[in-house]
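The block underneath contains the structure these notes are about, expressed in structure tokens.
We name chains A, B, ... by the order of the sequence lines, and we start the count at 1 in each one. As the structure is a prediction and not an experimental result, all values here were calculated from the model.
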Amino acid sequence: MKYLDSLSDIQRKCVEQTEGSIIIISGPGSGKTRVITSKIAHLINLGVNPNNILALTFTNKSAKEMVSRINNLIPEKPIWNLWAGTFHSVFAKILRKEANKIGFNNQFTILDNEDSKTMIKRIIQDHRLDKEIYKPSSIFSKISLLKNNLIDPKSYSEKYEMLKNDENKNQPKFSFIYKEYVKKCKQNDNMDFDDLLLNTLNLLRNDGKTLEKYQSIFKYILIDEFQDTNILQLEIIKMLEKKHNNLCVVGDDSQSIYSFRGANINNILNFTSFYTKSNIFKLEENFRSTKNILNAANSLISNNNQKLDKNIWTKKDQGEKIKITKTDSDKSEGNFIAKFIKDNSAIYNHSDYLVLYRMNSQSRSIEEGLRKLNINYKVFGLSFYNRREIKDILAYLKLIVNNQDEESLFRIINTPPRGIGKTTIEKIRYFANNNNVSIWELINSIEEIDLNINSGTKKRINNFCELINYFSENSSTSAFDLTSNLINKIDYFDYLAKEETVESISKIENVKELINAIKLFCDENKNDKIGEFLDQSVLVNENEQKKMDQEENFVSLMTIHQSKGLEFKNVFIIGLEENIFPSQQAMFSKKDIEEERRLLYVAITRAKEQVNLSYCNTRFRFNNFVSNEPSRFLNEIDESCISKSVFNLKIQSKINQSKNSNRYSFKFKTPKKLIKIKNLNKTENKLSHGLKIGKKIKHNIFGQGIITDLLDSNEKIVVRFGRDNIKTILVRYAKFDLID
DNA sequence: CGGTAGAATATTTTT
DNA sequence: TATTCTACCG
């Protein structure tokens, strides 16, 4: 068979062992995708029905790519009924069918992280808890970790040490919030990301028939990126594979970078201890990178204690050394990259470059640099579906599908404004909470209950209910018809246009794009109902699509986490500074530092030919300049494969010649409100005179200090606060006053 | 109730 | 800096 011939010996062995449990430890660039796809093709060729194969991947993009590759390997066999996708999307599909067996409505809606956080925030408000002590986002991530470790509110409330711990942290009510959150989700027929897994497990545990059904379907189970699975996922898999015992997991412990999401590296480290009969294969030959790149990566990762034994090697050339570049500021780091790309444009396309960073906010300075030299780039940042105007429309759609979805209801009950204000909503919520009725039931019988709401407002509430009810009754029409009718009915475009800002134009464009996406979805899918589309909009990150079609010639910018599985000829990794990479939050634990190290390992091993590491002296962060030490990781890379240099060139912007006139004209992100532009120069004159060395100032964060130096024609000042706390401050943006 | 100006706050990483 | 929150006025 053709697809077997192109494999290396070891790859072929992995493919041909179809039965039993096996674990494939696969280094970066070792062709694991090829192994998985060949293996599935092989199974199908041997006569296995694709419907009996479950292939779980880390992103939906990789699932899609996998399917298309299998199609290429065995074009004559139809594979439309192969189960391929992320844990979340496959289990969402199962739950859509079976949710009623565990007390959910099959029309449940899925909460994204933002929804979950607002819900928690509301709980905190409702119960008059201090939002400084109970921060919604940290509460949420704690809840998420608990769920992924199979600790439900009840068992949490029985864990004495944990409760004690909360009390010590001054958060005695955490257990209560957790309980309320889970209760609310259930009442509202909402599931968050973790619930998709958790409820699947509950389903399999509580309903023997369903368990038997899926055990019989999934004769062969394959899991990619196994190092990033968590306890909950493993638990589900253990149940599903019990009948046929054909489980193949593929992963690389050195690339485990999702522990913040509950990923448990022990799943891969200890696999053989709970599957004692499993076979281990190691894919150690790298087909991607040069020797220098691999040596650098290997020497770095050897500093980690927790890892499996393996030796990644390549037949490729030595290649160029890893370059480490020091620049004076984050701005010149951007200039450095832009200039580098420009200088090498005879050899490389823009699309040969990948710029990687630890956190999304770091993209800015690079964008600036690239713009100055007119280099095309794309930032893989926030999802389209996270924009406010898009979320509004989606909230309508969710509420139409699931009337109990309070999260969506609160979002849009007065958007566009229809005269149902804060006080009214407050009254409704208060009553509903105290009388154990759902918001939806309550507002549908608002006439009958005395809530001290005036009749005009009651009328408006009624209209709102009628609107939603009308669409709910017609929700089986095609998603496109439904959405376009809805947007007309609520005059959403008018509402956006009324804002009269530069933003409103792009918002309108975005909504049009959404309608367009829905149209496309309807054309492609047999089931063109809105529910299906909504699932997709939460579970599929459309950024993934963009990475795939790289015909256009642009530089890619993304976080390292997003770069998993990709490869580029040239890779820039920026911000190699203590407190940035490794990140500040990781500093205090050895385990976290090891994960940061793996993150850099992943980053380096994306490269085929060149790696550029950079760090800078001072960086503009928050609203002042900070200086960080160079990252400890730089010293851990074998010196024989690196070369160091310093870059200090300032690039004069062609576009930005006069300082103020163009400040907003080439903004990449959403433009500012027109009105605000008027106020631009207000603060400028206030302080420009009177700044002298030795003068005292009072900064609104750092307190009193003395000016020790003036820089850049008085644009920056160096100030000493306290004994030896020295900061450089931007005069124009910092908040401080001169004192006599 | 709605709109807005000014204040407060925020930067891990994502299915 | 950019975004979100709050308080106040019409």
Side-chain angles (χ1 to χ4, degrees), chain A residues 56-63 85-92 110-114 118 121 131-132 135 137-138 141 144 148 192-197 225 228-230 233 257-263 356-365 380-383 386 388 414-425 454 456-457 460 498-499 503 535 538-541 543-544 558-564 575 579-587 592 595-596 598-599 602-603 619-624 626 663 667 669-673 675-676 679 682 700-701 730 732-735:
Chain A
L56 294 169
T57 56
F58 193 73
T59 64
N60 285 288
K61 181 209 87 183
S62 39
T86 59
F87 277 85
H88 296 269
S89 56
V90 168
F91 294 155
I110 302 172
L111 298 177
D112 67 17
N113 286 349
E114 197 194 321
T118 16
K121 203 167 167 188
K131 67 175 185 331
E132 293 306 311
K135 294 221 158 98
S137 55
S138 64
S141 48
S144 174
N148 283 310
D192 66 17
F193 285 119
D194 305 314
D195 289 335
L196 293 174
L197 308 176
E225 308 281 7
D228 285 319
T229 54
N230 59 40
Q233 289 165 323
I257 53 176
Y258 277 92
S259 72
F260 68 92
R261 221 171 81 182
L356 293 175
Y357 34 81
R358 180 66 242 267
M359 51 194 168
N360 280 306
S361 56
Q362 287 173 270
S363 72
R364 173 176 309 209
S365 53
F380 296 87
L382 257 192
S383 162
N386 278 330
R388 187 188 290 169
N414 203 30
T415 314
R418 48 171 72 85
I420 307 172
K422 265 179 271 172
T423 351
T424 309
I425 293 170
N454 68 45
T457 312
R460 281 173 247 149
K498 245 180 242 151
E499 288 180 17
E503 276 176 313
D535 281 1
V538 198
L539 297 172
V540 181
N541 184 238
N543 270 330
E544 303 288 341
M558 64 184 80
T559 61
I560 300 167
H561 284 89
Q562 290 187 78
S563 74
K564 189 178 205 174
N579 295 323
I580 304 276
F581 195 4
S583 106
Q584 205 154 18
Q585 286 85 337
M587 288 303 185
D592 289 346
E595 176 142 327
E596 298 284 309
R598 291 193 293 268
L599 201 52
V602 169
R619 150 183 311 276
F620 188 63
R621 234 192 139 187
F622 230 159
N623 58 12
N624 64 310
V626 289
R663 275 197 68 192
K667 275 243 140 173
K669 283 177 185 156
T670 36
K672 281 247 97 71
K673 286 191 175 185
I675 313 128
K676 282 199 176 167
N679 301 331
K682 213 169 70 182
N700 80 329
I701 298 170
L730 266 192
R732 196 184 320 181
Y733 300 124
K735 286 168 193 159

Side chain proximity check, [X] to [Y], heavy atoms < 4.5 angstrom:
{"X": "A:Gln233", "Y": "A:Leu197", "value": "yes"}
{"X": "A:Asp228", "Y": "A:Lys564", "value": "yes"}
{"X": "A:Arg619", "Y": "A:Ile580", "value": "yes"}
{"X": "A:Lys422", "Y": "A:Asn414", "value": "no"}
{"X": "A:Pro582", "Y": "A:Met587", "value": "yes"}

Say we look at C:dT4 and B:dT13: how far apart would their P atoms be, to the nearest angstrom?
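Comparing P positions in C:dT4 and B:dT13 gives a spacing of 15 Å.
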
Atom P, compared across B:dT11 and C:dT6: separation rounded to whole Å:
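Comparing P positions in B:dT11 and C:dT6 gives a spacing of 16 Å.
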
Checking all strands, does [X] fall into the base, sugar-phosphate, or nothing category for heavy-atom contacts under 4.0 angstrom?
{"X": "A:Ser89", "result": "nothing"}
{"X": "A:Arg598", "result": "nothing"}
{"X": "A:Lys564", "result": "nothing"}

Indicate whether OP1 or OP2 belonging to [N] is found under 4.0 Å from a side-chain N or O atom of [X].
{"X": "A:Lys422", "N": "C:dA7", "result": "no"}
{"X": "A:Thr457", "N": "B:dC1", "result": "no"}
{"X": "A:Arg364", "N": "C:dA2", "result": "yes"}
{"X": "A:Asn414", "N": "B:dG2", "result": "yes"}

Tell me the interatomic distance from [X], atom [atom1], to [N], atom [atom2], rounded to whole angstroms.
{"X": "A:Gln233", "N": "B:dT15", "atom1": "CD", "atom2": "P", "value": "13 Å"}
{"X": "A:Asn148", "N": "B:dT15", "atom1": "CG", "atom2": "P", "value": "14 Å"}
{"X": "A:Leu196", "N": "B:dT14", "atom1": "CG", "atom2": "C1'", "value": "14 Å"}
{"X": "A:Asp192", "N": "B:dT14", "atom1": "CG", "atom2": "C1'", "value": "13 Å"}
{"X": "A:Asp194", "N": "B:dT14", "atom1": "CG", "atom2": "P", "value": "16 Å"}
{"X": "A:Glu132", "N": "B:dT9", "atom1": "CD", "atom2": "P", "value": "6 Å"}

Select one nucleotide: of C:dC5, B:dT15, B:dG2, the one nearest the side-chain heavy atoms of A:Thr86.
B:dT15

Mind checking salt bridge (charged side-chain N to carboxylate O under 4.0 Å, His left out) for A:Asp112 and listing every partner two or more places apart, or none if nothing turns up?
A:Lys391

What nitrogen or oxygen pairs link the protein and nucleotides 11-13 of chain B at under 3.5 Å?
from   : atom 1 : to       : atom 2 : distance (Å)
B:dT11 : O2     : A:Ser361 : OG     : 2.6
B:dT12 : OP2    : A:Gln585 : NE2    : 2.1
B:dT12 : O2     : A:Arg358 : NH1    : 2.7
B:dT12 : O2     : A:Arg358 : NH2    : 2.2
B:dT13 : OP1    : A:Asn360 : N      : 2.6
B:dT13 : OP1    : A:Asn360 : ND2    : 3.2
B:dT13 : O2     : A:Arg358 : NH2    : 2.6

Please identify each residue that fulfils ring pair (Phe, Tyr, Trp, His ring centres under 6.0 Å) with A:His561, with sequence neighbours left out.
A:Tyr258, A:Phe260

Position toward the 5' end of DNA chain B (nearest nucleotide), A:Phe193 or A:Pro417:
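This one resolves to A:Pro417.
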
